[in-house]
**Q** 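Attaching a single structure in structure tokens format; questions to follow.
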There are 2 protein chains.
Amino acid sequence: MLAGKTRSVSSKLLGVIEIFTASDVALSLSDIARKSDLPLATTLRFVREWVAWGGLIRLDDGRYAVGTRLWEVGVQAPSLQSLRNAALPFLDDLLVGTRQNAQLAILQGFETLYVEKISARNSTVLMSRVGMRLPLHATGVGLVLLANSGQNYIDEYLELPLKKYTACTVVDPRQVRQRLASIRVTGFVRAEEELHSGVISLAAPVHDRSGRTVAAISAVVSVEQRNDRSLDMMVRVAGLGVSRALGFRGSRVAP
Amino acid sequence: MLAGKTRSVSSKLLGVIEIFTASDVALSLSDIARKSDLPLATTLRFVREWVAWGGLIRLDDGRYAVGTRLWEVGVQAPSLQSLRNAALPFLDDLLVGTRQNAQLAILQGFETLYVEKISARNSTVLMSRVGMRLPLHATGVGLVLLANSGQNYIDEYLELPLKKYTACTVVDPRQVRQRLASIRVTGFVRAEEELHSGVISLAAPVHDRSGRTVAAISAVVSVEQRNDRSLDMMVRVAGLGVSRALGFRGSRVAP
DNA sequence: GCAAAGTCTTTCATTCAGTGAAAATGCACT
DNA sequence: AGTGCATTTTCACTGAATGAAAGACTTTGC
């Protein structure tokens with residue numbers, strides 16, 4: 001929030017709701033005011049507008065949480081709908097094939113945003129969640145999305161301080177660059193315990209009709225499945241399947 | 001829109017985005033202004049705020065469509081997250097068992113809102129879509145939700161003019177009431193070609209920890225599967241499974 | 001049970017951001 | 001090039017927004 005800078009009512013209203021993507025599930029009015037950097041009375045007025053519209057609900061304990069209305073509008077996004085519709089059958093294939101987790105993610109700013117996630121019963125528990133953002137350099141899908149981005153974008157991203165989540169996280173810009181180059185050639189990535197111990201993320205790109213990489217699809221499995229190389233192929237095929245469903249006519253399966 | 005009535009900036013901003021739940025995927029500025037009942041210049045300002053925030057995107061042809069930001073915030077809704085996480089494995093079971101469509105819906109106002117939908121390859125094409133609202137009386141999930149609502153709510157709903165979608169749609173309030181009573185006893189509904197010819201919707205309620213009906217789960221299959229009564233049981237079991245995952249401890253499978 | 005602290009809600013004089021008719025500009029079609 | 005329609009810009013005017021402070025409510029600690 002830009003203290004002292006003139007802000008429109010609209011931007012303040014939207015700033016209030018935005019708090020909920022980076023916060024705990026439910027927040028008190030005082031919390032919201034603090035995080036919004038708005039006076040209490042002003043915050044209350046905005047929160048009341050959101051509640052009236054359905055974007056926030058008030059819980060029994062007086063805190064506020066996101067309501068369903070935003071989702072209802074948001075899910076109309078054409079890009080999301082077509083991507084999700086194309087990907088779901090293939091995510092399901094991955095679920096059946098791995099008995100673990102399957103995910104679909106897109107690029108948002110300098111992060112990866114999880115758009116879909118389906119998990120098998122008793123699967124490895126993951127940090128990621130639908131609607132969650134995670135860093136590009138430490139996730140399979142993030143690396144795929146980064147590898148298929150423009151050079152300027154990659155340069156900018158690599159100027160950010162890259163956080164090391166585990167001993168396995170690759171954060172050296174030089175090494176990241178080499179890795180991205182390799183991913184571009186192979187069209188696939190295997191990230192082993194780079195965000196969280198015990199899990200391996202296998203990811204492949206999803207291309208749209210024009211050949212642009214619009215998402216990444218992944219299977220996230222336990223390290224115990226490390227030697228099962230058929231999983232690699234499953235993910236590749238899934239990525240190509242979704243791409244085809246989106247109208248892509250190229251070929252990127254065989255490295 | 002209340003012409004001539006004083007409106008807050010916030011409510012007007014939210015009114016603009018709301019247009020997109022009831023409209024075509026993409027709208028021109030003039031369309032938005034017309035549907036919002038706002039002057040062009042005012043509409044432009046609001047649309048620009050939404051674009052700046054990510055709630056709307058401008059397409060190549062100059063029209064506007066919903067962006068991903070709303071979805072990203074909206075999907076944080078705790079009620080949606082827990083419901084979806086509980087339901088997905090069971091929706092998948094239904095998908096595998098029916099080879100058709102599985103859906104999860106909630107009650108919103110006087111309509112049912114589809115929260116999740118997964119479809120098998122080559123399944124019967126449905127009218128419903130994630131984020132879509134449909135009438136309670138003509139859909140399996142809607143009937144289940146209605147049957148498990150309070151008497152006042154039912155009375156109010158039945159005072160609305162009920163639309164007849166096909167020859168099979170039940171719209172006589174007296175008949176609807178009897179049907180709802182039956183659903184409450186059996187905990188299940190089978191809606192045959194009431195919204196759309198050729199499809200049968202089998203639905204069961206989803207209860208939360210407190211026993212309240214918070215959603216309905218359904219399989220929507222082709223009329224050719226009419227005689228497969230194992231599908232009924234699948235849906236019931238799925239409903240109970242999701243309920244259990246939500247902490248429900250009652251029993252409603254055996255009629 | 002009571003007092004203190006913290007949180008939420010209301011009030012209203014002041015102000016500043018919002019407004020929209022009309023003009024200007026842009027775009028598509030014939 | 002001309003026409004019609006859509007979008008963008010301008011700016012005098014105004015009405016909605018503001019937030020400090022008081023009041024009301026809730027929670028916590030003794």
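Just so it is clear: chains get the letters A, B, ... in the order the sequence lines come, proteins before strands, and each one is counted from 1.
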**Q** With a 4.0 Å cut-off on heavy atoms, is B/R34 in touch with a base, just the backbone sugar-phosphate, or nothing at all?
**A** nothing

**Q** Taking atom P of C/dG6 as reference, at what distance in whole Å does atom CG of A/D31 sit?
**A** 14 Å

**Q** Just wondering, do B/H196 and B/T166 contact through their side chains at under 4.5 Å, heavy atoms?
**A** no

**Q** Quickly work out the B/E49 CD to D/dT8 C1' distance and round it to whole Å.
**A** 16 Å

**Q** Kindly point out which of C/dT9, D/dA16, D/dT9 is positioned nearest to the side chain of A/L29?
**A** C/dT9

**Q** With a 4.5 Å limit on heavy-atom distance, are the side chains of B/V51 and B/I57 in contact?
**A** no

**Q** May I ask you to verify if any side-chain N or O of B/K12 is less than 4.0 angstrom from the OP1 or OP2 atom of D/dA16?
**A** no

**Q** So which nucleotide from D/dT7, C/dT9, D/dT18 ends up closest to the side chain of A/V9?
**A** D/dT18

**Q** Return the value, rounded to whole Å, for the distance between atom CG of A/D61 and atom P of D/dT28.
**A** 11 Å

**Q** Look at A/R45 and D/dT18 and indicate whether a side-chain polar atom (N or O) is within less than 4.0 Å of OP1 or OP2.
**A** yes

**Q** Answer yes or no: are there more than 12 heavy-atom neighbours, outside A/K163 itself, under 6.0 Å from its atom NZ?
**A** no

**Q** Salt bridge check: are B/R177 and B/D155 linked by an N-O gap of less than 4.0 Å?
**A** yes

**Q** Please check if the number of heavy atoms outside A/D61 that lie under 6.0 Å from its CG is greater than 12.
**A** yes

**Q** With a 4.0 Å limit, can you tell me whether B/S30 has a side-chain N or O closer than that to the phosphate oxygens OP1/OP2 of D/dT7?
**A** yes

**Q** Using whole Å, what does the distance between atom P of nucleotide D/dA21 and atom CG of A/L44 come to?
**A** 18 Å

**Q** Checking all strands, does B/L38 fall into the base, sugar-phosphate, or nothing category for heavy-atom contacts under 4.0 angstrom?
**A** nothing

**Q** For the pair made of CZ in B/R7 and P in D/dG15, what is the distance, rounded to whole Å?
**A** 16 Å

**Q** From CG of B/D37 over to P of C/dG20, roughly how many Å is that when rounded to an integer?
**A** 10 Å

**Q** On DNA chain C, compare the nucleotides closest to A/S10 and A/Y64; which residue's is nearer the 5' end?
**A** A/Y64

**Q** Can you tell me if the side-chain N/O atoms of B/T42 get under 4.0 Å from OP1 or OP2 in C/dG20?
**A** yes

**Q** For A/R63 and C/dC8, what is the distance between atoms CZ and C1' respectively, to the nearest whole Å?
**A** 15 Å

**Q** Assuming nearest nucleotide by heavy-atom distance, tell me which of B/R58 and A/L40 is located more 5' along DNA chain D.
**A** B/R58

**Q** Could you please name the option among D/dT18, C/dC8, C/dT10 that lies closest to any side-chain atom of A/A41?
**A** C/dT10

**Q** Using a 4.0 Å heavy-atom cut-off across all strands, classify B/R48 as base, sugar-phosphate, or nothing.
**A** sugar-phosphate

